[in-house]
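This report refers to the structure that appears directly beneath it.
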Amino acid sequence: MRVEIWSDIACPWCYIGKARFEKGLAAFAHRDEVEVVHRSFELDPGRAKGDTAPVIDMLALKYGRTREEARSMEEHVAANARSEGLGYRTEGRDHGNTFDIHRLLHLARARGRQDELLDLAYRANFAEERSVFDPEILVDLAVEAGLDADEARAVLADEDAYADDVRADEREAAELGATGVPFFVLDRRYGVSGGQPAELFTKALEQAWQGRAITPIGADAAACDADGSCEVPQAGAHT
């Protein structure tokens with residue numbers, strides 16, 4: 001069975017959702033027969049390359065909030081991340097265009113190192129003092145993932161390299177009706193949206209394996225919408 005996951009490095013719920021999915025997959029009896037493929041989805045495709053802004057400032061502007069309110073939003077997401085054992089910095093992170101990262105992830109997929117690079121990019125973006133919008137840091141991450149530095153630099157230098165692959169993923173997401181991420185497609189038959197709890201991912205995998213439709217599994221889960229908005233559930237809401 002194949003599971004395809006549309007996500008963006010800039011999406012905190014994709015970071016959290018990946019960890020929850022992997023816990024759910026670990027509890028699935030047929031986990032060794034599941035192939036996981038990560039696909040591209042940009043939350044801010046209109047932002048110019050190199051145009052970055054602090055995440056707190058971006059959130060305050062996007063939602064019309066004060067910086068303190070935006071910081072509180074980030075703290076809520078951070079609590080969800082930390083509950084999954086993930087590092088999460090609420091200060092000092094940048095937001096920007098992720099197209100180059102997605103292109104590099106397609107190179108990593110071609111070399112069999114996609115999951116490794118994705119984990120490193122998430123960690124760099126959300127937990128470490130490394131900007132994924134710096135090309136040299138991206139090359140460093142590629143090398144850590146097991147890729148060749150010169151090949152990674154060549155991909156980043158050629159704006160056409162893997163660009164069609166990224167756009168094909170994004171077209172396919174639209175055709176499948178994905179309006180936000182993370183978006184999980186199980187065996188090309190069933191879909192699960194948002195950063196659902198691990199046990200619901202296990203249930204989805206079991207139902208997909210048995211050929212039954214998922215209609216629906218759990219409440220709506222936190223996700224980042226195609227317009228770049230990342231829902232922050234209210235206290236007491238399902239996360």
Side-chain angles (χ1 to χ4, degrees), residues 1-28 31-32 34-43 55 74 76-89 93 95 98 101-102 104-106 108-109 112-128 130 132 138 141-142 144-146 166 169-170 173 176 178-187 190-205 208 214 217-218 220-226 228 230-233 238-239:
M1 183 166 69
R2 171 181 282 195
V3 176
E4 295 161 280
I5 307 173
W6 273 263
S7 60
D8 191 11
I9 291 297
C11 166
W13 296 112
C14 296
Y15 176 48
I16 295 166
K18 183 176 187 293
R20 290 176 175 173
F21 169 77
E22 288 172 351
K23 289 179 182 177
L25 178 61
F28 178 52
R31 57 187 173 275
D32 293 337
V34 175
E35 176 193 12
V36 179
V37 177
H38 297 282
R39 299 208 178 274
S40 302
F41 191 106
E42 294 174 271
L43 288 175
V55 167
E74 272 288 271
H76 182 86
V77 179
N80 277 267
R82 291 165 187 156
S83 72
E84 302 298 333
L86 301 171
Y88 197 101
R89 293 185 300 113
R93 292 195 297 110
H95 175 80
T98 56
I101 304 169
H102 286 297
L104 204 57
L105 283 164
H106 274 279
R109 183 185 174 195
R113 309 299 294 175
Q114 187 185 50
D115 197 63
E116 289 82 358
L117 180 57
L118 184 60
D119 279 340
L120 287 165
Y122 274 140
R123 191 180 312 143
N125 188 45
F126 290 106
E128 299 174 349
R130 294 198 286 175
V132 294
L138 282 182
L141 294 172
E144 290 175 42
V166 176
D169 279 356
E170 293 173 338
L176 289 169
T179 58
V181 286
F183 182 64
F184 302 79
V185 175
L186 287 67
D187 221 20
Y190 313 119
V192 180
S193 298
Q196 299 282 356
E199 59 270 19
L200 290 182
F201 280 119
T202 304
K203 182 178 179 181
L205 289 162
I214 303 166
I217 293 182
D220 290 342
C224 293
D225 292 337
C230 292
E231 173 193 352
V232 178
H238 181 77
T239 59

[atom1]-[atom2] distance between [X] and [Y], expressed to the nearest 0.5 angstrom:
{"X": "Glu4", "Y": "Leu186", "atom1": "CD", "atom2": "CG", "result": "9.5 Å"}
{"X": "Ile5", "Y": "Cys14", "atom1": "CD1", "atom2": "SG", "result": "9.5 Å"}
{"X": "Leu104", "Y": "Leu118", "atom1": "CG", "atom2": "CG", "result": "11.5 Å"}
{"X": "Leu176", "Y": "Arg39", "atom1": "CG", "atom2": "CZ", "result": "9.5 Å"}

Is any side-chain heavy atom of [X] closer than 4.5 Å to a side-chain heavy atom of [Y]?
{"X": "Leu43", "Y": "Thr98", "answer": "no"}
{"X": "Phe21", "Y": "Val3", "answer": "yes"}
{"X": "Trp13", "Y": "Val77", "answer": "yes"}

Using the side chain to side chain contact (heavy atoms under 4.5 Å, CB included) rule, take Leu205 and Met1 through it: C-alpha gap first, then chi angles, then the decisive distance, then the call. CA-CA 9 Å; Leu205 289 162; Met1 183 166 69; 3.6 Å; yes

With sequence neighbours excluded, what pairs up with [X] under the salt bridge (charged side-chain N to carboxylate O under 4.0 Å, His left out) test?
{"X": "Arg113", "value": "Glu116"}
{"X": "Arg130", "value": "Glu128, Glu144"}
{"X": "Arg93", "value": "Glu74"}

Listed partners of [X] passing side-chain hydrogen bond (donor to acceptor under 3.5 Å, both in side chains), at least two apart:
{"X": "Glu84", "result": "Arg20, Lys23"}
{"X": "Arg82", "result": "none"}
{"X": "Gln114", "result": "none"}

Which heavy atom in [X] sits nearest to a heavy atom in [Y], and how many Å separate them?
{"X": "Arg89", "Y": "Ala124", "result": "NH2-O, 4.4 Å"}
{"X": "Val181", "Y": "Cys11", "result": "O-SG, 3.7 Å"}
{"X": "Ala19", "Y": "Leu86", "result": "CB-CD1, 3.9 Å"}
{"X": "His106", "Y": "Val166", "result": "CD2-CG2, 3.7 Å"}
{"X": "Ser40", "Y": "Glu170", "result": "O-CG, 3.6 Å"}
{"X": "Gly17", "Y": "Phe201", "result": "O-CE1, 4.1 Å"}

According to side-chain contact (heavy atoms from CB on, under 4.5 Å), who are the partners of [X], at least two apart in sequence or on a separate chain?
{"X": "Ala26", "result": "none"}
{"X": "Ala173", "result": "Trp6, Phe41, Ala178"}
{"X": "Glu199", "result": "Pro197"}

Any side-chain donor near an acceptor of the partner, His102 and Asp169, under 3.5 Å: no

Residues Ser7 and His38: side-chain donor-acceptor under 3.5 angstrom: no

Phe183: which residues meet the ring-ring contact (aromatic ring centres under 6.0 Å, His included) condition with it, sequence neighbours left out? none

Suppose we screen for ring-ring contact (aromatic ring centres under 6.0 Å, His included). Which residues come up paired with Tyr88, at least two apart in sequence or across chains? Phe126

According to the salt bridge (charged side-chain N to carboxylate O under 4.0 Å, His left out) rule, which pairs have a member within residues 5-19, sequence neighbours left out? Lys18-Glu22, Lys18-Asp115, Lys18-Asp119

Donor-acceptor pair, Asn125 side chain versus Ile9 backbone, under 3.5 Å? yes

